[in-house]
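One structure below.
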Amino acid sequence: FVRHKGLPDGKGGPDFSGFPLNPYLIDPNDISHPGNSPMLEVPATVIPNYPPLLERLHHTYHANLIGKGIRFVAGEPFLWLRPTGKNLELLLRVVDIGVERELPVLEFVFHSSELMPGGSPRFKNEEEIEVLYKHLEKLFKKMSGEGIGGMTLKEYRVHWEERNGK
């Protein structure tokens, strides 16, 4: 569904629901399916928060009263590993879920412009940036305590190929 239309009168960006949650080589004819191209897709960590049937129901009725009711009762449909400066507990929960489900990678979503005051509408001033830095520090400490380390996408590609016999 589209909450942010992008360009005025735009139809919004792509809908990635239904795409694989784990890294995969894309199929150039249908990027929503694994294929044999050399391009490795490493999806951001977005964990479905609903059982499959409820997720399908919500996807069908997300924009009307039924969808709002589902969100009111069941919470957000997806848990994103995306720091907002207000969601530290959620971030830590996503790490716990990732460890519990033995996800092959945890990738958080972040824009470099969000690291400076006023660089995005989300972090308008120095105080909000300081909160963000404290949250990132706690997030990285939690991940480190779980044995999760950082790496570049190039390093991850080598790691992925070794794990998948490529």
Side-chain angles (χ1 to χ4, degrees), residues 1-7 10-111 114 120 122 135-136 138-151 153 155-157 159-166:
F1 68 96
V2 179
R3 283 198 293 203
H4 304 287
K5 292 174 74 170
L7 294 173
K11 294 184 186 340
D15 180 354
F16 294 104
S17 57
F19 279 55
L21 300 175
N22 292 332
Y24 64 100
L25 295 174
I26 68 166
D27 176 345
N29 297 314
D30 183 354
I31 64 169
S32 70
H33 291 91
N36 293 318
S37 78
M39 184 177 291
L40 179 65
E41 173 66 27
V42 184
T45 300
V46 180
I47 298 172
N49 194 32
Y50 299 162
L53 182 61
L54 187 59
E55 185 178 335
R56 283 194 300 279
L57 183 67
H58 179 266
H59 188 75
T60 302
Y61 298 106
H62 67 274
N64 66 25
L65 208 49
I66 294 172
K68 290 178 183 179
I70 292 170
R71 289 190 298 280
F72 180 77
V73 172
E76 287 299 315
F78 298 98
L79 307 177
W80 288 66
L81 193 57
R82 180 169 182 18
T84 66
K86 298 176 180 144
N87 66 341
L88 177 61
E89 294 305 316
L90 173 69
L91 297 173
L92 300 177
R93 183 171 157 220
V94 170
V95 170
D96 286 339
I97 292 169
V99 168
E100 177 185 307
R101 295 184 184 176
E102 298 179 359
L103 296 180
V105 65
L106 293 176
E107 183 172 8
F108 71 98
V109 177
F110 204 74
H111 300 283
E114 293 178 315
S120 82
R122 191 168 298 220
H135 286 191
L136 289 174
K138 290 177 181 178
L139 174 65
F140 295 150
K141 184 176 181 178
K142 165 83 171 174
M143 294 173 94
S144 177
E146 295 288 351
I148 301 167
M151 61 179 67
L153 286 173
E155 291 168 335
Y156 183 76
R157 173 66 183 244
H159 172 78
W160 183 87
E161 287 175 349
E162 289 171 355
R163 277 184 80 163
N164 291 283
K166 304 276 182 192

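Throughout, numbering of the chain's residues begins at 1 and tracks the sequence.
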What pairs with [X] under side-chain contact (heavy atoms from CB on, under 4.5 Å), at least two apart in sequence or on another chain?
{"X": "Pro28", "value": "Ser37"}
{"X": "Leu106", "value": "Thr45, Leu81, Val95, Leu103, Met143, Ile148"}
{"X": "Asn36", "value": "none"}
{"X": "Thr60", "value": "none"}

Please round to the nearest 0.5 Å and tell me the distance separating atom [atom1] of [X] and atom [atom2] of [Y].
{"X": "Leu153", "Y": "Trp160", "atom1": "CG", "atom2": "CH2", "value": "13.5 Å"}
{"X": "Arg71", "Y": "His62", "atom1": "CZ", "atom2": "NE2", "value": "8.0 Å"}
{"X": "Met151", "Y": "His159", "atom1": "CE", "atom2": "NE2", "value": "5.5 Å"}
{"X": "Trp80", "Y": "Leu91", "atom1": "CH2", "atom2": "CG", "value": "13.0 Å"}
{"X": "Leu40", "Y": "Leu25", "atom1": "CG", "atom2": "CG", "value": "5.5 Å"}
{"X": "Leu54", "Y": "His59", "atom1": "CG", "atom2": "NE2", "value": "13.5 Å"}

* Asked: Looking only at atom types and distance, does a side-chain atom of Tyr50 sit under 3.5 Å from a main-chain N or O of Gly75, one as donor and one as acceptor?
  ->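 Such a contact is found between Tyr50 side chain and Gly75 backbone.
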
* Mark yes or no for whether Asn49, through its side chain, and Glu76, through its backbone, hold a donor-acceptor pair below 3.5 Å. =>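 Yes: the side chain of Asn49 pairs with the backbone of Glu76.
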
* Ile70/Leu57 under side-chain contact (heavy atoms from CB on, under 4.5 Å): CA gap, chis, key distance, verdict -> CA-CA 9 Å; Ile70 292 170; Leu57 183 67; 3.8 Å; yes

* Taking only residues two or more places apart in sequence, or in another chain, which ones meet Phe19 in a ring pair (Phe, Tyr, Trp, His ring centres under 6.0 Å)? -> Phe16

* Structure fact -> Sequence neighbours excluded, the answer for ring pair (Phe, Tyr, Trp, His ring centres under 6.0 Å) partners of Phe140 is Phe108

Any side-chain heavy atom of [X] sitting closer than 4.5 Å to one from [Y]?
{"X": "Leu21", "Y": "Val46", "result": "no"}
{"X": "Pro77", "Y": "Pro48", "result": "no"}
{"X": "Pro23", "Y": "Pro104", "result": "yes"}

* To do: Evaluate the criterion side-chain contact (heavy atoms from CB on, under 4.5 Å) for residue pair Phe78 and Ile47; output intermediate values, then yes/no.
  => CA-CA 5 Å; Phe78 298 98; Ile47 298 172; over 6 Å; no

* Asked: With sequence neighbours excluded, what pairs up with Glu41 under the salt bridge (charged side-chain N to carboxylate O under 4.0 Å, His left out) test?
  ->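 Once residues adjacent in sequence are excluded, Glu41 has no partner under the salt bridge (charged side-chain N to carboxylate O under 4.0 Å, His left out) criterion.
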
Sequence-distant partners of [X], side-chain hydrogen bond (donor to acceptor under 3.5 Å, both in side chains), two or more places apart:
{"X": "Glu107", "answer": "none"}
{"X": "Arg56", "answer": "none"}
{"X": "Thr84", "answer": "Asn87"}

* To do: Sorted by first residue and then second, give each salt bridge (charged side-chain N to carboxylate O under 4.0 Å, His left out) pair with at least one member in residues 80-100; sequence neighbours left out.
  => Arg82-Glu114, Asp96-Lys142

* Over 12 foreign heavy atoms within 6.0 Å of OH, Tyr61 -> no

* Asked: Which pairs count as side chain to side chain donor-acceptor pair (under 3.5 Å) when at least one residue sits in residues 26-35, sequence neighbours excluded?
  -> Asp30-Ser32, Asp30-His33

